[in-house]
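Proteins come first, then strands; the chains are lettered A, B, ... in the order of their sequence lines, and each starts at number 1.
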Number of protein chains: 2
Amino acid sequence: MLRRNEVAAGIKDYILRHHLKPGDLLPTEAELCEAVGASRSSVREAVKTLSALDIVEVRHGHGTYVGRMSLAALVESLAFRGLLSSEDDHLVLGEVVDVRQNIEQGFAPQVAQGLDTDQLARLRTLAAGMAEAAERGDDYLELDKQFHLLLMEPLGNDLIQQLTGAFWEVQSIVTPTLGSEHQGALTLTASLHMAIVEAAEARDAAALRTAVAAHYDPIRELIASVRRPSTA
Amino acid sequence: MLRRNEVAAGIKDYILRHHLKPGDLLPTEAELCEAVGASRSSVREAVKTLSALDIVEVRHGHGTYVGRMSLAALVESLAFRGLLSSEDDHLVLGEVVDVRQNIEQGFAPQVAQGLDTDQLARLRTLAAGMAEAAERGDDYLELDKQFHLLLMEPLGNDLIQQLTGAFWEVQSIVTPTLGSEHQGALTLTASLHMAIVEAAEARDAAALRTAVAAHYDPIRELIASVRRPSTA
DNA sequence: CCCCATTTGTTCGTATGTATG
DNA sequence: TCATACATACGAACAAATGGG
């Protein structure tokens, strides 16, 4: 009885055959049991698997719906891997930083050309808000996330938006294992975001690339300092 | 009783608290029930969720182990999203191609400098094998995948290796919905891979960037032709 | 080879929590 | 308040796979 993968595949087939779109309602568990020929428990476990992948979405007392297939699964898996490796040398965290930097640098030309005046103004507002928060000694996680999401907005590529958000979340989950952040690093990082804004306002792709690279220097330094406590 | 996320979090906590590494054996389902205070059904569903994310790995009749945390979940989620959107305009497939190209172009300098003679020789062998297969009219999926994985090898970044493999798999799953591939496209793509090899052998980062970009032209053309059948 | 213990896989029945009308 | 429909949770039983004596 290899119901395990069969049932999940059967449900995915059902979605494809009926041309269901994200948000559409799926049959009840009982009807799914009949459709794929399995018991409620097996269907439940299959639904649980698909739910973890955000292929379906379950709302208690309401029903099961086709999911929006977000990258929440990627976040959870990568974040946990990062937490595990944080006990050693924070290898995963460094790799995530590399990938984030490469994405933002690679699309610098399209970003520098594509940002409209409204998006540029919002970027400046976010960077200014980060500087103000740093002055008060507060962190600015949500501002930082919005900044990087907004930066990729002109690409019109939803996958890149989601990857940007996903890798940002992984980094924000794993970074605290490095230790406390100093206010000096907060202020510095805020100013580096403003430098990105100014390069974007100048439509200077090369300057944008270097500003993005410089923006990741503090986190790289922090990772390196933890790997060799002698320099700390 | 919102055991749902509690139990999964409890199991993840157990792994972190006991400093378990990928491949280590977890307690039996019965012991996990006692450890987190839930019924076997609930524990099983939580394990199923973690299994979908490759955080744990279950072997029938043997036990439950800490997983490798691969990006299989990302592949399954993205591939299904691509299959759903394939009924419309293949939006997701185009986005995946954009991301793949950006990654390979962005790391072109490190790749051009970092490839050793053995890796270059293997790249040439793979590209030659693709050309031979195209001559016979055969496809060369596995050769193509190995090619792109090998290209990223000198970076020494495991996350990039896995992302490369994951996006490659998504593309290979979704692409067949575009229609049959012509032998002409196969031969052309094979020669474009050889052009990448030659740019890498010359240690020419700029040439490598353009060769990588050109390599994605056929698939972009195929997507565009399906979106407007009038030009086909 | 068979037998047996261990462990996960599948199914069913029942009771409870939740949202809609 | 009540009724209905649904997902959630638990416990028990049996099936299937693995490994060792």
Side-chain angles (χ1 to χ4, degrees), chain A residues 1-15 18 20-70 72-73 76, chain B residues 1-15 18 20-70 72-73 76:
Chain A
M1 301 282 188
L2 284 179
R3 300 285 189 213
R4 182 164 183 169
N5 300 326
E6 268 178 38
V7 178
I11 295 176
K12 290 201 290 185
D13 255 18
Y14 181 95
I15 295 174
H18 291 72
L20 299 182
K21 292 179 293 185
D24 287 352
L25 181 62
L26 263 72
T28 69
E29 288 184 349
E31 291 172 311
L32 278 178
C33 294
E34 190 177 359
V36 302
S39 73
R40 280 202 303 278
S41 298
S42 293
V43 169
R44 263 187 75 73
E45 291 195 352
V47 167
K48 200 97 178 91
T49 297
L50 298 178
S51 174
L53 304 175
D54 206 7
I55 287 177
V56 305
E57 181 184 352
V58 193
R59 271 180 267 178
H60 193 143
H62 206 259
T64 305
Y65 299 80
V66 179
R68 307 206 303 295
M69 276 146 282
S70 70
E76 192 167 345
Chain B
M1 300 283 186
L2 282 181
R3 301 282 190 210
R4 182 166 181 171
N5 300 325
E6 268 178 39
V7 178
I11 296 176
K12 289 201 289 185
D13 256 17
Y14 182 97
I15 296 174
H18 291 72
L20 299 181
K21 292 178 295 184
D24 287 352
L25 181 62
L26 264 70
T28 69
E29 289 180 348
E31 291 171 313
L32 279 178
C33 293
E34 189 178 359
V36 302
S39 72
R40 193 185 164 210
S41 301
S42 297
V43 169
R44 274 188 63 76
E45 290 195 354
V47 167
K48 199 97 176 89
T49 297
L50 298 178
S51 174
L53 303 176
D54 204 7
I55 289 177
V56 305
E57 180 185 351
V58 185
R59 272 180 264 179
H60 191 162
H62 202 257
T64 305
Y65 299 79
V66 179
R68 262 64 178 180
M69 276 148 281
S70 70
E76 192 166 345

Measure from the side chain of A:Ser42, starting at C-beta and using heavy atoms only, and say which of D:dA16, D:dA9, C:dT11 lies closest.
-> C:dT11
Got a second to check how far B:Ser41's OG is from A:Glu45's CD, nearest 0.5 Å?
-> 8.0 Å
Distance col, row A:Leu32:CG vs A:Thr64:OG1, nearest 0.5 angstrom, shows 7.0 Å
Nearest-Å distance, [atom1] ([X]) to [atom2] ([N])?
X: B:Arg44; N: D:dA16; atom1: CZ; atom2: C1'; value: 12 Å
X: B:Leu32; N: C:dT6; atom1: CG; atom2: P; value: 18 Å
X: A:Tyr65; N: D:dC6; atom1: OH; atom2: P; value: 11 Å
X: A:Glu34; N: C:dC12; atom1: CD; atom2: C1'; value: 17 Å

Looking at residues 23-31 of chain B, who's got a heavy atom less than 4.0 Å off DNA chain D?
-> none
For residues 23-37 of chain B, the side-chain hydrogen bond (donor to acceptor under 3.5 Å, both in side chains) pairs (sequence neighbours left out) are B:Thr28-B:Glu31, B:Glu29-B:Arg40, B:Glu29-B:Arg44
Kindly say whether, by distance alone, the side chain of B:His60 makes a donor-acceptor pair under 3.5 Å with the base of C:dT8?
-> yes
Could you walk me through whether A:Glu6 and A:Val36 pass the side-chain contact (heavy atoms from CB on, under 4.5 Å) test, one step at a time?
-> CA-CA 8 Å; A:Glu6 268 178 38; A:Val36 302; over 6 Å; no
Closest contact, heavy atoms only, [X] versus [Y]:
X: A:Ala52; Y: A:Ala73; result: O-CB, 3.5 Å
X: B:Gly67; Y: B:Pro22; result: O-CB, 3.4 Å
X: A:Val7; Y: A:Val43; result: CG1-CA, 4.0 Å

Give every pair of a protein N or O atom and an N or O atom of nucleotides 11-14 of chain D that lie under 3.5 Å apart, one pair per line with the distance.
from   : atom 1 : to      : atom 2 : distance (Å)
D:dG11 : O6     : B:Ser41 : OG     : 3.3
D:dA13 : N6     : B:Arg40 : NH1    : 3.4

Could you check A:Glu76 against B:Lys12 for side-chain contact (heavy atoms from CB on, under 4.5 Å), going step by step and ending with a plain yes or no?
-> CA-CA 11 Å; A:Glu76 192 167 345; B:Lys12 289 201 289 185; 3.2 Å; yes
Hey, mind stepping through B:Val56 and B:Leu26 against side-chain contact (heavy atoms from CB on, under 4.5 Å) and telling me if it holds?
-> CA-CA 9 Å; B:Val56 305; B:Leu26 264 70; 4.2 Å; yes
Any side-chain heavy-atom pair from A:Glu57 and A:Ser51 closer than 4.5 angstrom?
-> no
Do B:Tyr14 and B:Pro27 come within less than 4.5 Å of each other through their side chains, counting heavy atoms only?
-> yes
Mind checking B:His62 for me? I need base, sugar-phosphate or nothing, with any heavy atom below 4.0 Å counting as a touch.
-> sugar-phosphate
Listed by chain and number, what are the side-chain hydrogen bond (donor to acceptor under 3.5 Å, both in side chains) partners of B:His18, not counting sequence neighbours?
-> none
Please report how far the helix from C:dC2-D:dG21 to C:dG21-D:dC2 bends, comparing the axis fitted to its first five pairs with the axis fitted to its last five, to the nearest 10 degrees.
-> 10°
Option from B:Val47, B:Thr49, B:Leu50 for which side chain to side chain contact (heavy atoms under 4.5 Å, CB included) with B:Ile55 holds = B:Leu50
Heavy atom of residues 47-59 of chain A under 4.0 Å from DNA chain C: which residues?
-> none
